[in-house]
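Written out below as structure tokens is the structure these notes cover.
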Amino acid sequence: MKRLLLVLLLAVTAAVLAGCAGKPDSAGKENTGAVVVGFSQLGAESSWRIANTASMEQAARDYGYGLMMENANQKQEKQIDAIRSFIAYQVDVIVFSPIVETGWENVLKEAKQAGIPVILMDRMIETDDESLYTAYVGADFYAEGRRAGEYLKRKADETGAEKLRIAEISGTLDSTPMRDRQRGFMDVIGEDSRFEVIDSICGDFLRSKGEECMQTLLQKYGKDGIDVIYSHNDSMTLGALDILEKEGIKPAQDILIITVDGEKEAVEALKNGRINCVVQCTPNLGNSVMKLVKELKEGKPLEKIYHPDEGMFTDFDDPKDPNMEGF
Ligand code: AHR
């Protein structure tokens, strides 16, 4: 019996190792290229995330790399399992987008011990040991939060507003974009007595939760009790707009709307006067990630932090500007 089990175990191991030689990409195609990237995506919660996944898949194809992608459906445990499976498969590089900042040290130590470099994509981790990751490719979320605050200051200056009550709809608690978009925003408006943040509720970056948050806020404060919605992403904002409009409230006129990401639907809403400010956050990180993978494989030294160039679109801009485009 023991012997039979051993034979079975060896057969399974051989199958796994054979899989590593011609590792499939996430579209299920066999890839004969030497480089295999293990990619743990955190979920599919927003249009941003879906575009980000597509960007990684496209870039892997462009570079001729195999991509083993696992989608964690918003569960940290699933991301940890995926990273462990990439270590077992001995991929060349692990790329992952950590759903929250804490709780990664053990699994990243395992990757380090296995000699597999890790690139953080889109979100950061909290650690004292920077050797646990080789590089970070993603937005400067703090700068995004500052941009949102700077827009609001300018709006208050130009309209002469003396008091603005702000309700924040935040992204996933303890995620980098949530923490830094909040911190950047507060660093700009926090000391200015014209602004008061009356509430901050979590919408987890989901459109459905954006609707729920907006309903809760309206029940708590009424339409006359809120002057500004600062929402950490477009999906939640678009959900909130649906609720406002159902209640006969004109977004961007009765309540100022500030959002982050820059997906097509949100940029259109800005052009149509339903949103006041869209802070850009690009999901198109795939190329930059694969470029780093290539440099790593060539033994080149890497920059530790790479931020893409980003800006914002606001109701101060000309809506006919051809650069005002969403992803
Ligand atoms: O980490 C980036 C954020 O995650 C995007 O702003 C949001 O849309 C996504 O879900």
Side-chain angles (χ1 to χ4, degrees), residues 39-56 69 71-76 78-79 95-102 104 119-126 133 136-148 168-185 200-213 229-241 257-267 269-270 275 277-286 288-289 305-313 326-327:
F39 170 39
S40 164
Q41 179 59 289
L42 67 87
E45 73 285 4
S46 61
S47 304
W48 189 100
R49 185 69 49 200
I50 289 160
N52 175 249
T53 301
S55 155
M56 285 290 288
M69 190 182 83
N71 193 313
N73 293 320
Q74 311 278 110
K75 301 246 177 340
Q76 182 170 31
K78 280 194 163 198
Q79 287 204 279
V95 178
F96 89 113
S97 187
I99 181 151
V100 290
E101 291 199 341
T102 52
W104 303 104
I119 296 176
L120 302 177
M121 193 268 301
D122 166 44
R123 296 187 183 178
M124 255 294 177
I125 57 165
E126 203 178 278
Y133 62 93
Y136 166 78
V137 176
D140 182 342
F141 298 116
Y142 177 76
E144 291 175 354
R146 289 195 66 93
R147 271 180 213 119
E168 179 183 60
I169 304 181
S170 88
T172 306
L173 298 178
D174 294 331
S175 68
T176 318
M178 180 266 149
R179 286 180 168 181
D180 287 358
R181 285 174 185 163
Q182 183 174 77
R183 196 166 53 88
F185 184 72
S200 175
I201 49 177
C202 175
D204 251 334
F205 290 121
L206 291 162
R207 187 166 181 148
S208 56
K209 285 213 185 166
E211 288 181 16
E212 283 170 25
C213 289
I229 295 288
Y230 171 40
S231 157
H232 288 188
N233 89 339
D234 290 345
S235 293
M236 297 187 297
T237 306
L238 293 166
L241 292 195
I257 310 287
I258 304 174
T259 185
V260 189
D261 273 357
E263 67 176 81
K264 268 199 173 57
E265 199 178 335
V267 175
L270 169 69
I275 286 180
C277 170
V278 177
V279 177
Q280 271 183 308
C281 177
T282 180
N284 298 322
L285 303 172
S288 309
V289 169
I305 306 274
Y306 169 79
H307 294 311
D309 286 337
E310 293 172 335
M312 66 176 162
F313 305 126
F327 56 81

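Atoms within a ligand are numbered from 1 in the order they appear, just like the ligands themselves.
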Next on the checklist: Taking only non-hydrogen atoms of D122, do any sit less than 4.0 angstrom from ligand 1?
Outcome noted: yes

Rounding to 0.5 Å, atoms CZ (R183) and CE (M178) come to a distance of 11.5 Å

The side chain to side chain contact (heavy atoms under 4.5 Å, CB included) partner of R49 among N71, N233, L42 is L42

A student checking ligand 1 against W48 at a 4.0 Å heavy-atom cut-off should list atoms 5 (C), 8 (O)

Closest to atom 7 (C) of ligand 1 among protein heavy atoms sits N233 ND2, 3.5 Å

The atoms of ligand 1 lying under 4.0 Å from a heavy atom of F205, numbered in the order shown, are 7 (C), 10 (O)

Q.
Main chain of V137, side chain of H307: is a donor-acceptor contact present, judged purely on distance under 3.5 Å?
A. no

Atom 6 (O) of ligand 1 has as its nearest protein heavy atom D261 OD1, 2.6 Å

When rounded to the nearest 0.5 Å, the distance separating NE2 of H232 from CD of E168 is 3.5 Å

Among R123, E263, H232, closest by heavy atom to atom 3 (C) of ligand 1 is R123

P177 near ligand 1 by a heavy-atom separation under 4.0 Å
yes

- Item | Any N or O of E45 closer than 3.5 Å to N or O of ligand 1 | yes

Here the atoms of ligand 1 under 4.0 Å from any heavy atom belonging to S46 are 7 (C), 8 (O), 9 (C), 10 (O)

Can you tell me if S97 uses its side chain to pair, donor with acceptor, with the backbone of M121 under 3.5 Å? yes

At under 4.0 Å between heavy atoms, what of R181 touches ligand 1? The answer is side chain

With a 6.0 Å cut-off on ring centres, are F96 and W104 close enough?
yes

*asked:* Test side-chain contact (heavy atoms from CB on, under 4.5 Å) on E265 and S47; report intermediate values, then the result.
replied: CA-CA 10 Å; E265 199 178 335; S47 304; over 6 Å; no

